Amino acid sequence: MTYFFRLTLINEIPPPPFLYKAEIDGTHEVFLILDEKANSIRPSDSNGNPVESIRMALDHGNISGDIEDPNMIRGFPLMASHLLTQWKRQGNPPQEISKFFA
């Protein structure tokens, strides 16, 4: 089974936080925010408003919070960990991240 996702920084929303559109397998779309001030990556709506209480901490990568709607955040841990890794590696929010798993 293959899995693909692309995270794209949306520049129209004034940062911070930084809003990302996540396209999953070409069939599903969710949004994530990277919020340096709140020290977290969280699922959000298309306007950058956080949804769900789950979050990944920027300092240590631990996930906390609850998942009320698993379909809303499909693939969140994997996408958030790749976003966190690239953010740490580059020292700033990456423009785009694409990953393909076979």
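Worth knowing before you read on, the calculation uses all heavy atoms, side chains too, and leaves out hydrogens, waters and symmetry mates. Just so it is clear, the model here is predicted, and its values are computed rather than measured.
Looking at Tyr20, its side chain does come within 3.5 Å of a backbone N or O of Pro94 through a donor-acceptor pair. Looking at Asp45, its side chain does come within 3.5 Å of a backbone N or O of Asn49 through a donor-acceptor pair.
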Would you tabulate the side-chain donor-acceptor contacts of residues 79-88 under 3.5 Å, counting partners in other chains and residues two or more places apart, or write 'none'?
unit_1	atom_1	unit_2	atom_2	d
Ser81	OG	Pro77	O	3.2
Ser81	OG	Leu78	O	2.8
Thr85	OG1	Ser81	O	2.9
Gln86	OE1	Gln90	NE2	3.3
Trp87	NE1	Glu36	OE2	2.9
Lys88	NZ	Leu58	O	3.4

* **Chi angles and distances behind the side chain to side chain contact (heavy atoms under 4.5 Å, CB included) call for Ser44, Leu32** => CA-CA 5 Å; Ser44 75; Leu32 302 177; 5.8 Å; no

* **Working for side chain to side chain contact (heavy atoms under 4.5 Å, CB included), residues Phe18 and Leu9** => CA-CA 7 Å; Phe18 299 94; Leu9 180 62; 3.8 Å; yes

* Please lay out, stage by stage, how Ile54 and Phe76 fare under the test side chain to side chain contact (heavy atoms under 4.5 Å, CB included). => CA-CA 9 Å; Ile54 192 167; Phe76 172 75; 4.0 Å; yes

* **Trace of the side chain to side chain contact (heavy atoms under 4.5 Å, CB included) decision for Met56 with Ser40** => CA-CA 5 Å; Met56 177 177 279; Ser40 66; over 6 Å; no

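When side chains are defined from C-beta on, Pro43 does not count as touching Val30, because their heavy atoms never get closer than 4.5 Å. Taking 4.5 Å as the limit, some side-chain heavy atom of Ile10 sits within range of a side-chain heavy atom of Phe31. Within the 4.5 Å cutoff, no side-chain heavy atoms of Leu34 are placed close to those of Arg42.
Across all their heavy atoms, Phe4 and Ser98 have their closest contact at CE1-CB, 4.4 Å. In plain terms, the two heavy atoms of Leu19 and Gly48 that are nearest each other are CD1-CA, 3.8 Å.
Salt bridge annotation for Lys21-Glu29: present, with a cationic side-chain nitrogen under 4.0 angstrom from a carboxylate oxygen.
Criterion: ILVMFWY side-chain heavy atoms under 4.5 Å apart, direct or through other members. Under it, Phe100 and Ile97 are not part of a common hydrophobic cluster.
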